[in-house]
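Only one structure is covered here, and it is reproduced in the block below.
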Number of protein chains: 2
Amino acid sequence: MKIAVDAMGGDFAPEAIVEGVILAAAELPEHITIVLIGKQSALQPLMQKHSAEAVANIELVNAEDIIEMSEHPTKALSQKPNSSIGVGFKLLKDGQVNAFCSAGNTGAMHVGALFSIKAIEGILRPCIAGFVPQLTGGHAVMLDIGANADCKPEMLAQFGVVGSIYAQYIFGIDQPRVALMNIGSEEQKGSLVAQAAHQLLKENRRINFVGNIEGGDFFEGKADVIITDGFTGNTMFKLGESFYKVASQRGLSDEFLDKTNYESVGGSPILGVNGNVIIAHGISSPLAIKNMIGLAIRQVESNAYTKIAQALS
Amino acid sequence: MKIAVDAMGGDFAPEAIVEGVILAAAELPEHITIVLIGKQSALQPLMQKHSAEAVANIELVNAEDIIEMSEHPTKALSQKPNSSIGVGFKLLKDGQVNAFCSAGNTGAMHVGALFSIKAIEGILRPCIAGFVPQLTGGHAVMLDIGANADCKPEMLAQFGVVGSIYAQYIFGIDQPRVALMNIGSEEQKGSLVAQAAHQLLKENRRINFVGNIEGGDFFEGKADVIITDGFTGNTMFKLGESFYKVASQRGLSDEFLDKTNYESVGGSPILGVNGNVIIAHGISSPLAIKNMIGLAIRQVESNAYTKIAQALS
């Protein structure tokens, strides 16, 4: 198995990325290799700081260009085919790696996935999924957390199917409980889109729809899959992550609140595309990068994206 | 000054409401009276538990009917003019009280306000405002937190004006910083509605628009007024309130997190109507009721709703 990592993406790249890859590599079984993509001249000195053993299962692949965080995704990708993101998607498309992870330009990652491995046939719109720690243990997967600010009811209904299969294969849950984020428990509550989505989700026999949940239920263990549009999902997800930051600032330490730290999962998959693509916060620390690689491995092992493709075919 | 309180609204009514009113009354100056509206036969025994002095500035007004939490707002209001909510709005409309507060049926409170004191001329849609504690001290006011699940850009822009005046007169801030909740800091980010609202807010010279904020900025003190639609606002506000609950469950205690407890402010005003109307959580405790009455008094003293009306005339 080969996991490609963009060494040049993120506010603290390449140092933090290399550190994270080294951390991950120390715990990897032999059959897994990390493919680190970036400017050879910048990466080699960082790698040389470590023993031959520490970097044994890390391969370097050169990519001369960098897509900056502020660049326009589509323009940057077409103008910089030799950027680390461009090269990563080429490797992924060609089947030379099993997953591609980056803490770089999110838009470029999204567009890159759509242009290279492409959306799964039948998918209305790929989305980004986030892991929400639950007080009852484990995580719920929330989608969309930002790819689609405006959603139609049909998209939300399909997120239900995609999220359900993802939770089934990543969490190993038999009939994941799928809930719709809404502003009341009754089915006639909410925006016009949420009301219509509720009906579509309720009618869908392929998922275990448990109805609406509200903002106060976010961490309460009421669902394994939380469906929402990319606007609400993004604002809520970031607010949820801020709990750790606020608690730290207040000098509070707690095992559960630690899980609301973005570092603890480290990445968010793009779902609905023909491959494993994971994006991370620009501010990603080495620990976040390490955990993102762990998530990538789980995704490759679970084969979730092919299960999603099968369900839609 | 007279503050009317619905004694029959809320999950723990009338006991918790009466307790809260007694708590508030103990700290009130002589010129303020609380008008407690509800079934005389239920209230008198509760009042008699307390000394004559404790209930000196509480007036009872009889209302034989109760609008239940689950009832259809418009239907219930027209069928039960002698409900505590119906009587409360009659007193408010007739100028016999200066504010009306209830932890009862939110929909009935909203509809009651629209039917009795009515929306301020020029207001596109009244909204509900929530207080969000800020790490830098004080609160931001967020609107809408649930009255309008679907919002047009013009509505969001008007929330900016309404919220700005409210913050000015309630918080005593000269040029309140108005921010738009969005999924990125750049102005082209977000849903179509958010993008259009950003432009309208930016062009409005009557407010101090500071641009977009994101979910992670919720508690960060970046704005005095947070503008959003009632869907996003409701889910975020409830998630923010859950911080206290999660922390308590985890055995954590902290002065800032205490402020995320719904009890600490106790109520949310309906803004954009010709009077002071405040609604509270169904689960409201005596402390929440007491603090809601405190907010009602601040609103009456600040005269904020007439300032909003003047700004729109």
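Just so it is clear: chains get the letters A, B, ... in the order the sequence lines come, proteins before strands, and each one is counted from 1. Both backbone and side-chain heavy atoms feed into the values below; hydrogens, waters and symmetry mates do not.
- No side-chain heavy atom of B:Phe243 sits under 4.5 Å from any side-chain heavy atom of A:Leu239.
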Any donor-acceptor pairs between chain B and chain A, under 3.5 Å? If so, list them.
residue  : atom : partner  : partner atom : Å
A:Asp150 : OD2  : B:Leu192 : N            : 2.8
A:Leu192 : N    : B:Asp150 : OD2          : 2.9
A:Glu214 : OE1  : B:Lys238 : NZ           : 2.4
A:Lys238 : NZ   : B:Glu214 : OE1          : 2.4
A:Arg250 : NE   : B:Asp254 : OD1          : 3.0
A:Arg250 : NE   : B:Asp254 : OD2          : 3.0
A:Arg250 : NH2  : B:Asp254 : OD1          : 3.2
A:Asp254 : OD1  : B:Arg250 : NE           : 3.0
A:Asp254 : OD1  : B:Arg250 : NH2          : 3.2
A:Asp254 : OD2  : B:Arg250 : NE           : 2.9

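- Every residue meeting the side chain to side chain contact (heavy atoms under 4.5 Å, CB included) condition with A:Ala247, not counting sequence neighbours, appears here in chain and number order: A:Leu252, A:Leu257.
- Here the CE atom belonging to B:Met142 is positioned 13.0 Å from the CD1 atom belonging to B:Ile128, to the nearest 0.5 angstrom.
- Only the side chain of A:Leu135 comes within less than 4.5 Å of a heavy atom of chain B; its backbone N, CA, C and O stay farther away.
- Rounding to the nearest 0.5 Å gives a distance of 6.5 Å between CG of A:Leu143 and CG of A:Leu271.
- Shown here are the ring-ring contact (aromatic ring centres under 6.0 Å, His included) partners of A:Phe218, two or more places apart in sequence or in another chain: there are none.
- Across A:Gly160 and A:Leu201, no two heavy atoms sit closer than the pair CA-CD2, 4.1 Å.
- If you measure heavy-atom distances from A:Phe219 to chain B, the contacts under 4.5 Å come from the side chain alone.
- Residue contact with chain A, scored on non-hydrogen atoms closer than 4.5 Å, involves the backbone and the side chain of B:Leu192 alike.
- Shown here are the ring-ring contact (aromatic ring centres under 6.0 Å, His included) partners of A:Phe12, two or more places apart in sequence or in another chain: there are none.
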